[in-house]
Every structure is written in structure tokens, then in C-alpha cells.
Amino acid sequence: MQVTETLSDGLKRGFTVTVPSGDLESKRTARLKELGQSMSLPGFRPGKVPMSIVKQRYGAAVQGEVLEQAVSDATRALLDERGLRPATQPRVDLVSDAESAAGDLEFKVEMELLPEIAQPDLSTLTLTRLKATPDAETVDKALKDIASRQRSFEAIEEVRPAAQGDVVVVDFVGKVDGVAFDGGTAQDVTVEIGGAGFIPGFAEQIEGMSPGEEKVITVTFPADYSAENLAGKEATFDITAKELKRPVDVAIDDDLAKKIGFEGLEQVRELITKQVEQEYEQLSRLRIKRELLDALAEKTDFEAPQGMVEAEFAQIWQRVESDRKAGQMDDEDKEKDEETLRSDYRKIAERRVKLGLLLAEIGRVNAISVTQDEMLQAIRAEAMRYPGQEQAVFEFFRKNPQAAESLRGPIFENKVVDYVIELATVEDKDVTPEELAEIPPADL
């Protein structure tokens, strides 16, 4: 095999590779002999078919197979011999005639290499771990929410307009451009005046209606509404008020606890406290991980492969375009022109690529890997998101290894982050839950 370097520009490399015709011919002959051993034709004993007939039958297919394998083997040998680590799949272009069985095989291969990444001194990192403790007010609020969901309702015999705090039982028919839409018709729906859970403006316009009264109201679905065919659209609802009710509050005591399956109120308090602690721990980890990535971003003083940056930017920009069409862009982005917006998101793409490469290098140097048990746990966690379809999810990942591999990246990243945090100097700081939940914007 003869290799000539044709390009060396930053991380870009290009080569012309020539594989001698003799090597190709020996591979073709060996493959044709292998096929001839199993070929069976009338008038010939098994394995005794003349080579001329074998070539006539399989020559073209073997030629393509041998060339493809020769290109693959030669490219792999080129990478191994020169210690090259491509950032993405090398691009190969044939120079010689692929259909010709004569002459040498010549092809060009171009690639972008992974940059040389110096291992930073992780022990010099200083991080702050924010901690918040659930207070009585937070637990009491959660208990009130539980009690609210357990309320009963009693009929209001007096015929009067619905007021704040009342519950109105209604029938309604929703329409867009005068046509009823799927899922927009319902009977005996309870609407709490002043409560949440409906389209903005829906319950507010029912306030003041009396049983037996009919009314047409107009609302606008939120831009981020789950049903895309309704998101951001104006709709009318034909409302019929049927009955007024008032909620009957439930006492927050042991009886409430037993009603929802616990031994007593103290057990419910303990469970709520643990759940809130877990939420705070997740927020705390999110904050320290964010701080760590910002600190590591300052140590990414290497060139990012532009192919990887372009691929990352394309994914980001696709989401930006989708948000723009749905009217869900950030207010800050709405004020930017196209050029500024693209420039900002390209910087984000470059930051992500560099951080990904640095984390991958830290993991490689320190032999951090994802175990099979960790992959199984991730697949189980994914399956739990689809109650009743767990087996189908497991089967999907079994048949689609690439989908399963998509779970490996986040696990690996978290393991590397944990490793770095262990080496860094970490100071614990007590903060309020509000301060903990306040996520600052990422540094670009």
C-alpha cells in the first residue's frame, strides 16, 4: 500500500492511497475459490465448477466486495500506522475505475482529526455546592395541596351567579373557525372559579354564570399548548352552566393520612420531606455541574473540529427554527437579528463540542467507562416512563443497539463529572430554596 499526504491544514488531513493490483487480484481469486467450493451446477460435481463459470456468475459482485473491503482495510491501516484519531467518519472518494478489475486501486481519503487535549490539573478547581433544607412551610404547602385534591363538593341550592371559590358543572363545545375540534366537547366538567388547570381566560369568563345559563366565550390557546393543531389559535366555547357546588375542605390530620394509604400524618410529613430533599439534591447537583462545566470551558484551549461544530450547530438551529415557528423563542432572542442569533448559537455549539471532547479525554485518560449494569439500569428507567409498555421498550432497545447507545453518553458524562468533583475543592454553602432554584445563564 502506498500513501501520499495531500492535505495538512490544522486538524484537516488528506491522503491518496494506492493498493497494488496484485493484492486485489489475490483477494478476488481467494473469494471466487471460496464461492466455487459451494457452487452447484448440473453436470458438475460440487466444488468442481470451472473458475471461468464462477467468475461469470459472481465476478461483478466479488469485484465490488473486494474493493469495498480493500478501501476499509487500507483506511484502517492508514489510521493505525500514523496514529490518527478522526473526529468524524473519514470521507473516501475513488480515483480508479471501480468497475475495472485491472490495475491498482487508488482512492482519496480526507478527515478531520481530534485535537490534542492536555489533561488539566483538576485539583485546582474550586466549586461551591449549594444546599437547601426543606422547611415547615414547604411541607405544610404540600399537605394543603394533598388535602385540596381530597376535597368533596356539595351542591349549592340557591340559584345565583358563580363567584370566586365556587365550582361550576358545565357542558361545552369548543370550536376553531366555527368548526368543532377533536377533544373540545365534554359534559359535566367541573370548573373552579379562580382555580387552575384550564386555558387562560376560560374559568374567568364562566364567573357570573348561573345554572341554566348559556354563553359563548373566546379564548386563545397558549403557544406551547400540547396539541400542535391548537397551539396559539383562538377558539370559542359554547358553555352551558348546569350546577353550582362549593368545595368542602378536608382536615389535615391522621384521618386524611389513612385515606391516602398511610398510618398517620407524621408518616406523610416524613415522605414529603424526603421527596423535597431529593428535589433539592437534584437542583444542587445541577448547579454544581453547571459551575464545573463553566470552569472546564475556560480550559478548552484547543481547536474544535469544524465538522463536529457544524453538526452540533445544525441540531441546535433546527430547534431554534422549530421554537420560532411555534412562537416559543426567548424574549432575548426575539430582539436579535438573524446574523447575531446564528453567531450566538454557533458559539454555544463550539462550547458544547469542546466540553464534550474534554470530558471524553478526561474519561479516556482515567479509564472511566459505562458498565453493562449501568446500561441495563438506564434502559429500565426509560421503560418505567411508559407504564404498561415496559416489555415493548426493552424489545425496542434490544433490536436497536444504536438507540441503546444514546443512553450511554449521559451516563458517561455524569460519571466523569462525579470524578472531577471528587478531585476539586468543594465548599458547601447553605442557601434558600429560591436561591437554589435560580439557574444562571451559561457562559459562552
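Remember, it's a predicted structure, so these values are computed and weren't measured experimentally.
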Undergrad: Please find the pair of heavy atoms, one from Phe107 and one from Ala74, that lie closest to each other, and give the distance.
TA: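 In this case the closest contact between Phe107 and Ala74 is CZ-CB, 3.8 Å.
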
Undergrad: Under the side-chain contact (heavy atoms from CB on, under 4.5 Å) rule, what do Lys27 and Val19 come out as? Steps first, then yes or no, please.
TA: CA-CA 12 Å; Lys27 287 183 169 67; Val19 180; 6.0 Å; no

Undergrad: Find the distance between NZ (Lys336) and CG (Asp344) and round it off to the nearest 0.5 Å.
TA: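 Nearest 0.5 Å value for the NZ-CG distance: 4.0 Å.
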
Undergrad: For residues Pro90 and Val109, report the shortest heavy-atom separation together with the two atoms involved.
TA: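 That closest heavy-atom pairing would be CB-CG2, 3.8 Å.
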
Undergrad: Do Leu84 and Leu113 come close enough that some side-chain heavy atom pair is under 4.5 Å?
TA: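 Heavy-atom side-chain distance check passes, below 4.5 Å.
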
Undergrad: Can Val95 and Thr18 be said to form a side-chain contact (heavy atoms from CB on, under 4.5 Å), step by step?
TA: CA-CA 10 Å; Val95 176; Thr18 303; over 6 Å; no

Undergrad: Return the minimal non-hydrogen interatomic distance between Ala142 and Ile272, and the atom names on each side.
TA: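 Between these two residues, the closest heavy atoms are CB-CG2, 3.7 Å.
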
Undergrad: I'd like to know if Asp121 pairs up with Lys299 as an ion pair, taking the criterion as any Lys NZ or Arg NE/NH1/NH2 lying under 4.0 Å from an Asp or Glu carboxylate oxygen.
TA: no

Undergrad: Should the ring pair Phe202 and Phe198 be called parallel, tilted or perpendicular, given that the plane angle runs from 0 to 90° and is split at 30 and 60?
TA: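 Geometry flag for Phe198 against Phe202: parallel rings.
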
Undergrad: Looking at Arg342 and Glu338, does any basic side-chain N land under 4.0 Å from a carboxylate oxygen?
TA: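 Between Glu338 and Arg342 there is a salt bridge, with a charged N closer than 4.0 Å to a carboxylate O.
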
Undergrad: Please step through salt bridge (Lys or Arg N to Asp or Glu O under 4.0 Å) for the pair Glu312 and Lys354, ending with a clear verdict.
TA: CA-CA 11 Å; Glu312 182 67 28; Lys354 285 187 172 183; over 6 Å; no

Undergrad: Apply side-chain hydrogen bond (donor to acceptor under 3.5 Å, both in side chains) to residues Thr273 and Arg269 and explain how you reach the verdict.
TA: CA-CA 6 Å; Thr273 301; Arg269 282 185 174 277; over 6 Å; no

Undergrad: Does Ser96 use its side chain to pair, donor to acceptor, with the backbone of Glu106 at less than 3.5 Å?
TA: yes

Undergrad: When you measure from the side chain of Asp9 to the backbone N and O of Lys12, does any donor-acceptor pair fall under 3.5 Å?
TA: no

Undergrad: Nearest heavy-atom pair of Glu291 and Thr128: which atoms, and what distance?
TA: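 That would be OE1-N, 3.0 Å.
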
Undergrad: Show the nearest heavy-atom pair for residues Val268 and Ala257, with the distance to one decimal.
TA: CG2-CB, 3.6 Å

Undergrad: Check this for me: does any side-chain nitrogen of one of Arg129 and Asp428 sit under 4.0 Å from a carboxylate oxygen of the other?
TA: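 Salt bridge present between Arg129 and Asp428.
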
Undergrad: For the residue pair Phe221 and Phe237, categorise the inter-ring angle as parallel (less than 30°), tilted (30 to 60°) or perpendicular (more than 60°).
TA: tilted

Undergrad: Starting from the C-alpha separation in whole Å, work towards a yes-or-no answer on salt bridge (Lys or Arg N to Asp or Glu O under 4.0 Å) for Arg380 and Asp373.
TA: CA-CA 10 Å; Arg380 289 193 192 101; Asp373 284 345; over 6 Å; no

Undergrad: Could you tell me whether the side chain of Gln205 and the main chain of Ile217 form a donor-acceptor pair under 3.5 Å?
TA: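 No, the answer is negative, given that no donor and acceptor are paired below the 3.5 Å cut-off.
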
Undergrad: At what distance, to the nearest 0.5 angstrom, does CD of Glu321 lie from CE of Met329?
TA: 8.5 Å

Undergrad: Could you state the interatomic distance from CZ (Arg28) to CG (Leu67), rounded to the nearest 0.5 Å?
TA: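 Answer rounded to 0.5 Å: 7.0 Å.
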
Undergrad: Look only at the side chain of Arg151 and the backbone of Ser148, and say whether a donor-acceptor pair between them is shorter than 3.5 Å.
TA: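 Yes: the side chain of Arg151 pairs with the backbone of Ser148.
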
Undergrad: For the pair Lys347 and Glu350, find out whether any cationic side-chain nitrogen is under 4.0 Å from an anionic carboxylate oxygen.
TA: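 No, no charged N to carboxylate O under 4.0 Å.
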
Undergrad: Thinking salt bridges, do Lys141 and Asp145 make one under a 4.0 Å N-O criterion?
TA: yes

Undergrad: Decide yes or no for Thr29 and Met51: does some side-chain heavy atom of the first lie under 4.5 Å from some side-chain heavy atom of the second?
TA: no

Undergrad: Could you check Leu359 against Leu293 for side-chain contact (heavy atoms from CB on, under 4.5 Å), going step by step and ending with a plain yes or no?
TA: CA-CA 9 Å; Leu359 291 174; Leu293 294 180; 4.1 Å; yes

Undergrad: Does the Gln306 side chain pair with the main chain of Ala304, one donor and one acceptor, at a distance under 3.5 Å?
TA: yes

Undergrad: Distance from Leu127 atom CG to Thr425 atom OG1, nearest 0.5 Å?
TA: 8.0 Å

Undergrad: Keeping the roles fixed (side chain from Thr300, backbone from Ala297), state whether a donor-acceptor pair exists under 3.5 Å.
TA: yes

Undergrad: Using the side-chain contact (heavy atoms from CB on, under 4.5 Å) rule, take Gln150 and Ile260 through it: C-alpha gap first, then chi angles, then the decisive distance, then the call.
TA: CA-CA 9 Å; Gln150 297 298 318; Ile260 59 176; 3.7 Å; yes

Undergrad: Between the side chain of Lys415 and the main-chain N/O of Ser369, is any donor-acceptor distance below 3.5 Å?
TA: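 It does hold such a pair.
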
Undergrad: Looking only at heavy atoms, what is the nearest atom pair of Phe302 and Pro115, with distance?
TA: CD1-CG, 3.6 Å

Undergrad: Please determine if Lys429 and Glu435 form a salt bridge, counting it only when a charged side-chain N lies under 4.0 Å from a carboxylate O.
TA: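 Between Glu435 and Lys429 there is no salt bridge, as every charged N stays at least 4.0 Å from the carboxylate O atoms.
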
Undergrad: Salt bridge check: are Glu310 and Arg346 linked by an N-O gap of less than 4.0 Å?
TA: yes

Undergrad: In Å, rounded to the nearest 0.5 Å, how long is the span from CG of Asn400 to CD of Glu395?
TA: 9.5 Å

Undergrad: So, taking the atom named CG in Leu7 and the one named CE in Met111, what distance separates them when rounded to the nearest 0.5 Å?
TA: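 Here the interatomic distance stands at 10.0 Å.
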
Undergrad: Within the distance-only criterion (no hydrogens, no angle test), does the side chain of Glu204 pair as donor or acceptor with the backbone N or O of Gly201 below 3.5 angstrom?
TA: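 It does hold such a pair.
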
Undergrad: Got a salt bridge between Asp294 and Arg351, using NZ or NE/NH1/NH2 to carboxylate O under 4.0 Å?
TA: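 Salt bridge: yes.
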
Undergrad: Hey, does the side chain of Asp238 reach the backbone of Val216 with a donor-acceptor pair shorter than 3.5 angstrom?
TA: no

Undergrad: Short question: side chain of Asp104, backbone of Ser21 - any donor-acceptor pair under 3.5 Å?
TA: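 Indeed, once roles are kept as given, a pair shorter than 3.5 Å links the two residues.
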
